[in-house]
Chemist: 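Take this structure first; my questions come after.
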Amino acid sequence: MTNKEKSAKKLRETIDLFRCPICQSPIKVFDLKSLICPNNHTFDIAKQGYINMMTRPTNSLYDKKLFEARQQIITGSNLYTLLHDRVSKIIKEHLDSTNDSIVILDAGCGEGSHLQKVTETVGNVATTRMGLDVSKEGVIMAAKNYKDTIWLVGDLANTPIGDGSCQVILNIFSPANYMEFKRVLAPNGLVVKVVPRANYLKELREVFIPETSNGMYSNDETVSLFKKHFHSVSHYQLCYSKTLNQEDLIHLAEMSPLAWNAKKEQIDAFIHQDATEITVDLDILVGSYDAEGGRA
Ligand SMILES: C[S@@+](CC[C@H](N)C(=O)[O-])C[C@H]1O[C@@H](n2cnc3c(N)ncnc32)[C@H](O)[C@@H]1O
Ligand SMILES: [Zn+2]
């Protein structure tokens with residue numbers, strides 16, 4: 001069976017989770033090749049198994065090289081292992097024993113490795129994983145590497161997902177759209193948003209944008225907007241450092257917009273260190289929303 005057919009079969013089993021991003025009607029799988037709505041809006045399943053459900057042209061700043069570097073760091077170093085463990089634990093603690101199957105959407109999934117890592121240890125519940133990103137490059141890479149997940153090119157501000165479909169929405173280092181997140185969240189569902197704090201990758205900032213390395217960066221607005229939108233918000237801070245070897249440092253410099261405007265000498269100086277401690281300093285914001293109860 002081809003990737004496309006496998007993907008079409010998986011989509012047939014989960015088709016009730018989807019809606020047309022153009023007219024919001026329910027969608028069906030057609031001929032194991034595409035998704036189609038009653039108004040004939042059609043979205044083809046690509047040969048890699050992902051579906052392009054974008055409704056507007058986009059111009060992503062993130063390219064293949066950046067996503068490859070992110071993947072190397074996320075899967076090949078232990079820089080984010082503690083983050084993955086913590087997010088998995090948060091999800092497990094939230095799911096009660098009545099949840100025998102859950103849907104997890106990663107909104108702004110990039111190349112998909114965070115979703116994969118977080119869900120590897122979520123536990124025994126049957127998990128439908130969906131990753132959505134505006135970047136086709138990222139989603140193609142995700143679809144090639146992680147075949148058990150539904151991968152969508154799409155806009156998190158207009159997701160092709162039906163109301164109340166997701167028990168968990170992950171939103172890691174990505175923009176958010178809280179109206180849309182609340183629409184697709186199942187009753188008592190959970191949004192887990194990960195945002196950098198002032199010292200996140202400070203060793204990279206010190207070299208590439210020293211003006212932001214003095215603790216002046218603040219995520220206060222992001223945190224307070226999240227708290228306005230969700231009920232019973234838990235706010236965790238996660239701060240640790242890990243030693244990265246030279247190969248990892250090269251990937252780190254390539255994976256981050258922090259180094260985009262750097263000079264060659266700055267990049268050389270950074271990657272020619274033998275090994276160095278890198279700081280991960282994050283807020284993990286966890287909120288739920290009960291449409292009946294309105295806002296907290
Ligand atoms: C810093 S990257 C983080 C990607 C991934 N979560 C990670 O940590 O590797 C931000 C991501 O948000 C995506 N993004 C930006 N705007 C988006 C939108 N409107 N809808 C979906 N994805 C979006 C970008 O394409 C990019 O992959
Ligand atoms: Zn339609």
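Because the structure is a prediction, the values reported are computed rather than measured.
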Chemist: Indicate, with yes or no, if Leu66 and Ile140 share a hydrophobic cluster defined by side-chain heavy-atom contacts under 4.5 Å among Ile, Leu, Val, Met, Phe, Trp and Tyr.
Modeler: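 Unlinked, Ile140 and Leu66 end up in two clusters.
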
Chemist: Minimum heavy-atom separation for Ala107 to Asn171, with atom names?
Modeler: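 Looking at all heavy atoms of both residues, the shortest contact is O-ND2, 3.1 Å.
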
Chemist: Does Glu180 come within less than 4.0 Å of Arg183, counting only side-chain N to carboxylate O?
Modeler: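 A salt bridge links Glu180 with Arg183.
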
Chemist: Side chains of Val168 and Leu170, heavy atoms from C-beta outward: is any pair under 4.5 Å?
Modeler: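 Yes, side chains in contact.
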
Chemist: Which distance, rounded to the nearest 0.5 Å, do you find between the CG of Leu190 and the OG of Ser234?
Modeler: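 Taking CG in Leu190 and OG in Ser234, the distance rounds to 8.0 Å.
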
Chemist: For the residue pair Tyr240 and Leu79, what are the closest heavy atoms and their distance?
Modeler: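 That would be OH-O, 2.7 Å.
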
Chemist: Salt-bridged, Glu5 to Lys9, with N to O below 4.0 Å?
Modeler: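 Salt bridge absent between Glu5 and Lys9.
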
Chemist: Give the cluster check for Val139 versus Phe67: same hydrophobic cluster or not, with ILVMFWY residues linked at side-chain heavy-atom distances below 4.5 Å.
Modeler: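 No: no chain of side-chain contacts under 4.5 Å links Val139 to Phe67.
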
Chemist: Compare every heavy atom of Leu35 with every heavy atom of Met53, then report the nearest pair and how far apart it is.
Modeler: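 It is CE-CD1, 4.0 Å.
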
Chemist: Would you find a donor on one side and an acceptor on the other, under 3.5 Å apart, between the side chain of Lys117 and the backbone of Leu83?
Modeler: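 Looks like no, no N/O pair under 3.5 Å.
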
Chemist: Looking only at heavy atoms, which two atoms of Gly49 and Ser7 are closest? And how far apart?
Modeler: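 Distance-wise, the nearest heavy atoms are O-OG, 2.6 Å.
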
Chemist: Check this for me: Glu247, atom CD, are more than 12 non-hydrogen atoms of other residues, nucleotides or ligands nearer than 6.0 Å?
Modeler: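 Atom CD in Glu247 is not crowded, with 12 or fewer foreign heavy atoms closer than 6.0 Å.
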
Chemist: Would you give the length of the straight line joining atom CG of Asp133 to atom OG of Ser174, rounded to the nearest 0.5 angstrom?
Modeler: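 Output value for this atom pair is 6.5 Å.
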
Chemist: Please confirm whether Lys193 makes a cation-pi placement over Phe226, using NZ or CZ under 6.0 Å from the six-membered ring centre and within 45° of the ring normal.
Modeler: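 Here Lys193 fails the 6.0 Å and 45° test against Phe226.
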
Chemist: Is any side-chain heavy atom of Tyr146 closer than 4.5 Å to a side-chain heavy atom of Leu115?
Modeler: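 Side chain of Tyr146 against side chain of Leu115, heavy atoms only: no contact under 4.5 Å found.
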
Chemist: Mind checking whether Leu32 and Ile150 sit in one hydrophobic cluster, side chains of I, L, V, M, F, W, Y counted as touching below 4.5 Å?
Modeler: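 Leu32 does not cluster with Ile150.
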
Chemist: Can you check whether Ile73 reaches Asp248 side chain to side chain, under 4.5 Å on heavy atoms?
Modeler: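 The answer is yes; the side chains approach within 4.5 Å.
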
Chemist: Is it the case that the side chains of Ser135 and Glu137 hold a donor-acceptor pair, with the cut-off being a distance below 3.5 Å and no angle test?
Modeler: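 Side chains of Glu137 and Ser135: no pair found under 3.5 Å.
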
Chemist: Check Gly131 against Cys109 and note the closest heavy-atom contact, atom names and distance.
Modeler: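 Taking every non-hydrogen atom into account, C-SG, 3.6 Å.
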
Chemist: Is a donor on one side and an acceptor on the other found under 3.5 Å between the side chain of Thr119 and the backbone of Gln116?
Modeler: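 Yes: the side chain of Thr119 pairs with the backbone of Gln116.
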
Chemist: Would His235 and Asp283 satisfy side-chain contact (heavy atoms from CB on, under 4.5 Å), going step by step from the backbone distance to the final call?
Modeler: CA-CA 7 Å; His235 183 166; Asp283 279 319; 2.8 Å; yes

Chemist: Do the side chains of Met54 and Val134 get nearer than 4.5 Å, heavy atoms only?
Modeler: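 Heavy-atom side-chain distance check passes, below 4.5 Å.
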
Chemist: Between Asn39 and Cys20, is there a side-chain heavy-atom distance shorter than 4.5 Å?
Modeler: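 No, too far: nothing below the 4.5 Å cut-off.
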
Chemist: Below 6.0 angstrom between ring centroids: does that apply to His229 and Tyr289?
Modeler: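 Ring centroids of His229 and Tyr289 are no less than 6.0 Å from each other.
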
Chemist: So, are Arg56 and Asp155 salt-bridged, with charged N and O less than 4.0 Å apart?
Modeler: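 Looking at Asp155 together with Arg56, the answer is yes, because their closest N to O distance falls below 4.0 Å.
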
Chemist: Is any side-chain heavy atom of Ile267 closer than 4.5 Å to a side-chain heavy atom of Phe208?
Modeler: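 Sidechains of Phe208 and Ile267: in contact.
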
Chemist: Can you name the nearest heavy-atom pair linking Ile161 to Cys166, along with the distance?
Modeler: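 Between these two residues, the closest heavy atoms are CG2-SG, 4.1 Å.
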
Chemist: Any donor-acceptor pair under 3.5 Å linking the side chain of Asn40 with the backbone of Thr42?
Modeler: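 Side chain of Asn40 to backbone of Thr42: no pair is present.
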
Chemist: I need the Ile169 CD1 to Ser288 OG distance, nearest 0.5 Å.
Modeler: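 Answer for the CD1-OG pair, Ile169 versus Ser288, is 11.5 Å.
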
Chemist: Within a 6.0 Å radius of atom CD on Glu221, are there more than 12 heavy atoms belonging to other residues, nucleotides or ligands?
Modeler: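 Open: at most 12 neighbouring heavy atoms sit under 6.0 Å from CD of Glu221.
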
Chemist: Is it true that a side-chain atom of Glu206 and a backbone atom of Glu203 form a donor plus acceptor pair closer than 3.5 Å?
Modeler: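 Answer holds: no.
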
Chemist: Test Gln72 against Glu254 for side-chain contact (heavy atoms from CB on, under 4.5 Å), laying out the working first.
Modeler: CA-CA 10 Å; Gln72 289 292 333; Glu254 286 172 350; over 6 Å; no

Chemist: Give the ring-plane orientation class for Tyr80 versus His114, where under 30° counts as parallel, over 60° as perpendicular and anything between as tilted.
Modeler: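 Tyr80 and His114: perpendicular rings.
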
Chemist: Can Tyr62 be reached from Leu204 by stepping across I, L, V, M, F, W or Y side chains whose heavy atoms are under 4.5 Å apart?
Modeler: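 Leu204 and Tyr62: separate clusters.
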
Chemist: Kindly compute the distance separating NZ (Lys242) from CG (Asn78), expressed to the nearest 0.5 Å.
Modeler: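 The NZ atom of Lys242 sits 4.5 Å away from the CG atom of Asn78.
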
Chemist: Please step through side-chain contact (heavy atoms from CB on, under 4.5 Å) for the pair Ile278 and Leu201, ending with a clear verdict.
Modeler: CA-CA 6 Å; Ile278 298 292; Leu201 306 184; 3.7 Å; yes

Chemist: With rounding to the nearest 0.5 angstrom, report the CG to CD distance, Leu252 to Gln246.
Modeler: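 The distance works out to 13.0 Å.
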
Chemist: Please tell me whether Met141 and Trp151 are part of a single hydrophobic cluster in this structure, the criterion being side-chain heavy atoms less than 4.5 Å apart.
Modeler: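 Unlinked, Met141 and Trp151 end up in two clusters.
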
Chemist: Counting only heavy atoms not in Lys147 (residues, nucleotides, ligands), do more than 12 fall under 6.0 Å from its NZ?
Modeler: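 Yes, the 6.0 Å shell around NZ holds more than 12 heavy atoms from other groups.
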
Chemist: Would the distance check show the side chain of Arg70 and the main-chain N or O of Met255 forming a donor-acceptor pair, the cut-off being under 3.5 Å?
Modeler: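 Judged by distance alone, yes, a pair lies under 3.5 Å.
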
Chemist: With distance as the sole test, does Gln266 use its side chain to make a donor-acceptor pair with the main-chain N or O of Val207 at under 3.5 Å?
Modeler: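 Yes, because the side chain of Gln266 sits within donor-acceptor range (under 3.5 Å) of the backbone of Val207.
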
Chemist: Quick one: does His94's side chain have a donor or acceptor within less than 3.5 Å of a partner on Asn188's backbone?
Modeler: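 Answer holds: yes.
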
Chemist: Of the options Asn219, Leu282, Ile284, which is the one that meets Val195 in a side-chain contact (heavy atoms from CB on, under 4.5 Å)?
Modeler: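 When side-chain contact (heavy atoms from CB on, under 4.5 Å) is applied between Val195 and each of Asn219, Leu282, Ile284, only Asn219 qualifies.
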
Chemist: Establish, yes or no, whether a centroid distance under 6.0 Å links the rings of Phe18 and Phe43.
Modeler: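 No - the distance between ring centres of Phe18 and Phe43 does not fall below the 6.0 Å cut-off.
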
Chemist: Has Lys10 got more than 12 heavy atoms of other residues, nucleotides or ligands less than 6.0 Å from its NZ?
Modeler: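 Enclosed: over 12 neighbouring heavy atoms sit under 6.0 Å from NZ of Lys10.
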
Chemist: Quick check for you: to the nearest 0.5 Å, what is the distance between His84 atom NE2 and Thr75 atom OG1?
Modeler: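 Answer for the NE2-OG1 pair, His84 versus Thr75, is 9.5 Å.
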
Chemist: Answer yes when Asp31 and Lys33 have at least one side-chain N-carboxylate O distance shorter than 4.0 Å, and no when they do not.
Modeler: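 Salt bridge present between Asp31 and Lys33.
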
Chemist: Flag yes if more than 12 heavy atoms outside Lys28 fall under 6.0 Å of its NZ atom; otherwise flag no.
Modeler: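 No, because the 6.0 Å sphere around NZ of Lys28 holds 12 heavy atoms or fewer from other groups.
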
Chemist: Before you tell me yes or no, could you show the steps for Glu68 and Glu111 under side-chain contact (heavy atoms from CB on, under 4.5 Å), namely the whole-Å CA-CA distance, both residues' side-chain angles and the distance that decides it to 0.1 Å?
Modeler: CA-CA 8 Å; Glu68 280 168 355; Glu111 52 65 54; over 6 Å; no

Chemist: For the residue pair Leu82 and Val280, establish whether any side-chain heavy-atom pair is separated by less than 4.5 Å.
Modeler: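 Of all side-chain heavy-atom pairs linking Val280 with Leu82, none is under 4.5 Å.
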
Chemist: With the side chain counted from C-beta on, respond yes when Leu152 and Pro160 share a heavy-atom pair under 4.5 Å apart, and no when they do not.
Modeler: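 Yes, their side chains come closer than 4.5 Å.
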
